[in-house]
Asker: 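Dropping the structure in here first, questions after.
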Amino acid sequence: MIPTSILFICLGNICRSPLAEGVFRHQAELRGVSQHLTIASAATAGWHVGNPPDRRSVDIAERHGIDISGQICQRLQSADFHDFDLILAMDNANITEASALNLDKGSARLELFTRYGRTGTGEDEYPEIPDPYYGGPHGFETAYQMIKQASIGTLDRLFG
Ligand code: 4NP
């Protein structure tokens with residue numbers, strides 16, 4: 001069965017995962033498959049719940065023709081492990097934190113986004129998408145490019 005509901009997660013749900021939600025949706029639309037998918041994003045930490053994405057993420061998305069300004073930060077819930085088929089994490093710490101939130105053992109598949117999207121260079125080499133929150137503006141362009149490649153790889157895997 002093709003996983004039809006996908007939740008992107010990161011630490012704060014204001015930088016990387018909102019960008020992943022927007023870029024992945026955009027790529028799915030370009031392929032004409034978005035009607036088959038439910039796409040969302042969430043944080044492993046609750047600090048920014050209710051807030052829009054970080055301005056720098058909104059700007060980088062806009063530069064690439066994607067509007068993510070309407071998204072609202074939400075925290076990952078244990079129910080998400082029942083409600084989503086696939087939960088794709090930006091880094092390995094997200095996977096550790098998310099696993100701890102899977103309180104009643106929902107069956108969602110939890111994986112590193114770049115691994116699922118097969119962006120790695122070797123069998124076991126899958127890069128984490130670095131957290132751009134404390135860095136300079138180039139971090140957001142890097143995150144965008146990595147997210148775009150992992151999105152394309154994920155869609156290739158799901159839809160051929
Ligand atoms: P994100 O980035 O996980 O890509 O959304 C961060 C956002 C906020 C914080 C850290 C990382 N923070 O410490 O508030």
Side-chain angles (χ1 to χ4, degrees), residues 3 5-29 34 37-81 83-103 106 108-121 125-155 157:
S5 54
I6 303 176
L7 181 67
F8 294 100
I9 60 165
C10 63
L11 178 59
N13 190 215
I14 56 168
C15 296
R16 292 165 294 175
S17 60
L19 198 52
E21 178 183 336
V23 169
F24 187 81
R25 183 175 290 119
H26 181 69
Q27 289 295 328
E29 283 165 1
S34 62
L37 297 165
T38 298
I39 305 161
S41 63
T44 59
W47 309 311
H48 301 283
V49 168
N51 293 343
D54 188 287
R55 184 75 235 168
R56 296 166 295 175
S57 263
V58 172
D59 287 348
I60 211 78
E62 193 176 299
R63 208 165 303 157
H64 294 281
I66 300 166
D67 181 9
I68 65 166
S69 63
Q71 291 186 36
I72 299 292
C73 173
Q74 56 180 353
R75 192 169 186 203
L76 179 67
Q77 319 264 334
S78 56
D80 292 329
F81 286 87
D83 295 343
F84 287 88
D85 298 315
L86 191 56
I87 299 178
L88 295 176
M90 302 300 126
D91 63 35
N92 287 312
N94 302 153
I95 292 181
T96 304
E97 296 293 323
S99 299
L101 291 170
N102 187 7
L103 299 178
R109 178 173 179 168
L110 173 63
E111 252 196 75
L112 198 61
F113 186 22
T114 52
R115 172 185 278 270
Y116 194 86
R118 297 188 172 126
T119 315
T121 50
E125 283 178 50
Y126 294 95
E128 299 176 291
I129 297 171
D131 185 348
Y133 184 68
Y134 294 107
H138 295 307
F140 284 82
E141 179 61 26
T142 299
Y144 170 82
Q145 293 298 341
M146 293 180 79
I147 284 166
K148 183 179 173 187
Q149 288 316 309
S151 295
I152 290 169
T154 296
L155 287 162
R157 181 166 172 175

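All figures in this text were calculated on a predicted structure; none of them were measured in a lab. Start at 1 with the first residue, then count along the sequence. Both ligands and their constituent atoms are indexed starting at 1 by order of listing.
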Asker: In terms of atom number and element, which parts of ligand 1 are under 4.0 angstrom from non-hydrogen atoms of Asp131?
Answerer: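 The atoms of ligand 1 under 4.0 Å from a heavy atom of Asp131 are 2 (O), 6 (C), 10 (C), 11 (C).
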Asker: Looking at atom 3 (O) of ligand 1, what's its closest protein heavy atom, distance included?
Answerer: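 I find the closest protein heavy atom is Gly12 N, 2.8 Å.
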Asker: Checking side-chain contact (heavy atoms from CB on, under 4.5 Å) against Val23, which of Ile60, Ile68, Ile66 comes through?
Answerer: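 Output: one option passes, namely Ile66.
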Asker: Is any side-chain N of the basic residue among Arg55 and Asp59 closer than 4.0 Å to the acidic one's carboxylate O?
Answerer: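 A salt bridge is present here (some side-chain N lies under 4.0 Å from a carboxylate O).
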Asker: Stepwise, does the side chain to side chain contact (heavy atoms under 4.5 Å, CB included) test hold for Asn13 with Gln74?
Answerer: CA-CA 7 Å; Asn13 190 215; Gln74 56 180 353; 4.1 Å; yes
Asker: Look only at interatomic distance and state if Tyr134 has a nitrogen or oxygen under 3.5 Å from any nitrogen or oxygen of ligand 1.
Answerer: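 Between Tyr134 and ligand 1, an N or O pair is found under 3.5 Å apart.
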Asker: Which protein non-hydrogen atom lies closest to atom 1 (P) of ligand 1, naming both residue and atom, and how far is it?
Answerer: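 Minimum-distance protein heavy atom for atom 1 (P) of ligand 1 reads Cys10 SG, 3.5 Å.
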Asker: Salt bridge or not between Glu29 and Arg25? Use side-chain N to carboxylate O under 4.0 Å.
Answerer: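 Looking at Glu29 and Arg25, the cut-off is not met.
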Asker: Kindly write out the residues that satisfy salt bridge (charged side-chain N to carboxylate O under 4.0 Å, His left out) with Asp80, not counting sequence neighbours, or none if the list is empty.
Answerer: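 Not a single residue meets the salt bridge (charged side-chain N to carboxylate O under 4.0 Å, His left out) criterion with Asp80.
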Asker: Starting from atom 12 (N) of ligand 1, find the nearest protein heavy-atom neighbour and note its residue, name and distance.
Answerer: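 Answer for atom 12 (N) of ligand 1: Tyr133 CE2, 3.4 Å.
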Asker: Check each atom of ligand 1 against the heavy atoms of Leu11 and keep those under 4.0 Å away; list them by number with element.
Answerer: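 Ligand 1 atoms under the 4.0 Å threshold to Leu11: 3 (O), 10 (C), 11 (C).
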Asker: Determine whether the side chain, the backbone, both or neither of Asn13 has a heavy atom under 4.0 Å from any heavy atom of ligand 1.
Answerer: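 Backbone only.
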Asker: I'd like to check the ring pair (Phe, Tyr, Trp, His ring centres under 6.0 Å) partners of Tyr144; sequence neighbours left out, ordered by chain and number.
Answerer: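 Ring pair (Phe, Tyr, Trp, His ring centres under 6.0 Å) list for Tyr144, sorted by chain: His64.
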Asker: Could you walk me through whether Glu128 and Asn92 pass the side chain to side chain donor-acceptor pair (under 3.5 Å) test, one step at a time?
Answerer: CA-CA 7 Å; Glu128 299 176 291; Asn92 287 312; 3.2 Å; yes
Asker: Which atoms of ligand 1 have any heavy atom of Cys15 under 4.0 Å away?
Answerer: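 By the 4.0 Å cutoff, the relevant atoms are 1 (P), 2 (O), 4 (O), 5 (O).
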Asker: Which part of His48 is near ligand 1, with near meaning a heavy atom under 4.0 Å away: side chain, backbone, both or neither?
Answerer: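 For His48, the contact with ligand 1 is made by the side chain alone.
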Asker: Any nitrogen or oxygen of Ile14, side chain or backbone, less than 3.5 Å from one on ligand 1?
Answerer: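 Yes: some nitrogen or oxygen of Ile14 is under 3.5 Å from one in ligand 1.
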